[in-house]
Amino acid sequence: QVKLVESGGGLVQAGDSLRLSCVASGLAFDTYAMGWFRQAPGKEREFVSAISYRGGSTYYADSVKGRFTISRDNTKNTVYLQMNSLKPEDAAVYYCAGTWSSNGWTERGTYNYWGQGTQVAVSS
């Protein structure tokens, strides 16, 4: 059974940093591209960032480029999202997802497995 478990969310002030983690089990982690998505109340779930199987390629939404960094440790079956200079508009539930597809990593429908999400709140 595949399981993705996110952690690291919380309430921070604008300008602060958070690091989200997602631990995967039940899959061959290094054969999955991993992504982070987020969903704010009343909005669609949107792409945030993605990373290739071994971490050689990364992708970011324009809204987070330069502030967020995705990384992975295949020895720990874990993907991270370092979020710096947080803004109130970054507040959302953040979801980790995994896909065996070789492309389309910015698209929600590409992903085969999803975590339950972790809440990020940013006060101004």
Side-chain angles (χ1 to χ4, degrees):
Q1 178 186 358
V2 175
K3 201 170 182 184
L4 303 179
V5 180
E6 303 96 333
S7 63
L11 171 62
V12 297
Q13 292 188 328
D16 285 351
S17 298
L18 275 177
R19 188 175 82 152
L20 305 184
S21 300
C22 170
V23 179
S25 59
L27 51 75
F29 187 68
D30 61 357
T31 67
Y32 281 74
M34 299 299 294
W36 286 97
F37 288 73
R38 67 187 182 187
Q39 187 167 18
K43 294 191 176 181
E44 299 254 325
R45 191 172 299 190
E46 65 174 3
F47 170 76
V48 175
S49 184
I51 188 166
S52 58
Y53 313 105
R54 296 178 184 174
S57 298
T58 57
Y59 305 86
Y60 298 95
D62 288 343
S63 58
V64 307
K65 211 170 284 184
R67 299 188 298 121
F68 290 12
T69 303
I70 191 170
S71 61
R72 65 189 295 162
D73 184 342
N74 286 352
T75 67
K76 297 181 179 179
N77 282 13
T78 302
V79 60
Y80 305 98
L81 185 68
Q82 177 67 43
M83 306 187 295
N84 297 332
S85 302
L86 282 160
K87 304 176 181 180
E89 51 264 42
D90 294 319
V93 177
Y94 281 71
Y95 297 90
C96 150
T99 178
W100 60 67
S101 177
S102 60
N103 52 35
W105 297 343
T106 65
E107 301 299 321
R108 195 174 59 188
T110 299
Y111 289 82
N112 308 105
Y113 300 108
W114 292 83
Q116 82 292 345
T118 186
Q119 179 79 51
V120 172
V122 184
S123 64
S124 56

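Treat the numbers as computed from the prediction; the structure is a model and nothing was measured.
Between the OG1 atom of Thr78 and the CG atom of Leu20 there is a distance of 12.5 Å, given to the nearest 0.5 Å. One finds the OG1 atom of Thr118 at 8.5 Å from the CG atom of Leu18 (value rounded to the nearest 0.5 Å). With rounding to the nearest 0.5 Å, the separation of OH in Tyr32 from CG in Leu27 is 5.0 Å. Within the model, atoms CZ of Phe29 and OG1 of Thr75 stand 9.5 Å from one another, a figure rounded to the nearest 0.5 Å. If you take OG1 on Thr99 and CG on Asn112, they are separated by 4.5 Å, rounding to the nearest 0.5 Å. For the atom pair OH (Tyr111) and CZ (Arg45), the distance works out to 12.5 Å, reported to the nearest 0.5 Å.
Cation-pi geometry between Arg19 and Tyr80 is satisfied (NZ or CZ under 6.0 Å from the ring centre, within 45° of the ring normal).
Heavy atoms of other residues, nucleotides or ligands lying less than 6.0 angstrom from NZ of Lys65 number more than 12.
The nearest pair of heavy atoms linking Ala40 to Ala92 is N-CB, 3.8 Å. In terms of heavy-atom proximity, Cys96 sits nearest to Val79 at SG-CG1, 4.1 Å. Across Ser52 and Gly56, no two heavy atoms sit closer than the pair OG-N, 3.1 Å. Annotation for Ser124 and Ala14: closest pair CA-CB, 4.3 Å, computed over non-hydrogen atoms.
Screening Trp105, Tyr95, Trp114 for a ring pair (Phe, Tyr, Trp, His ring centres under 6.0 Å) with Phe37, the sole residue that qualifies is Trp114. Just one residue in the list Gln119, Glu6, Arg38 forms a side-chain hydrogen bond (donor to acceptor under 3.5 Å, both in side chains) with Tyr94, and that residue is Arg38.
Transitive grouping of hydrophobic side chains (ILVMFWY, heavy atoms separated by less than 4.5 Å) brings Trp100 and Leu4 into a common cluster. Put simply, Tyr113 and Leu81 are part of the same group of oily side chains (I, L, V, M, F, W, Y) that touch within less than 4.5 Å, one to the next. Tyr60 and Tyr53 are members of different hydrophobic clusters when ILVMFWY side chains are connected at heavy-atom separations under 4.5 Å. One hydrophobic cluster holds both Val12 and Val48 under the rule that ILVMFWY side chains link at heavy-atom gaps under 4.5 Å. In the hydrophobic cluster analysis, where Ile, Leu, Val, Met, Phe, Trp and Tyr join through side-chain heavy atoms closer than 4.5 angstrom, Leu11 is grouped apart from Met83.
Under the side-chain contact (heavy atoms from CB on, under 4.5 Å) criterion, Ser17 pairs with Gln82, Asn84, sequence neighbours left out. The salt bridge (charged side-chain N to carboxylate O under 4.0 Å, His left out) check on Arg108 picks up Glu44, with sequence neighbours excluded.
Between Tyr59 and Phe47, the ring center distance fails the sub-6.0 Å criterion.
The closest donor-acceptor contact from the side chain of Arg72 to the backbone of Gly55 lies at 3.5 Å or more, if one exists at all. A donor-acceptor contact shorter than 3.5 Å is absent between the side chain of Gln13 and the backbone of Ser123. Between the Thr110 side chain and the Gly104 main chain, a donor and an acceptor come within less than 3.5 Å of each other.
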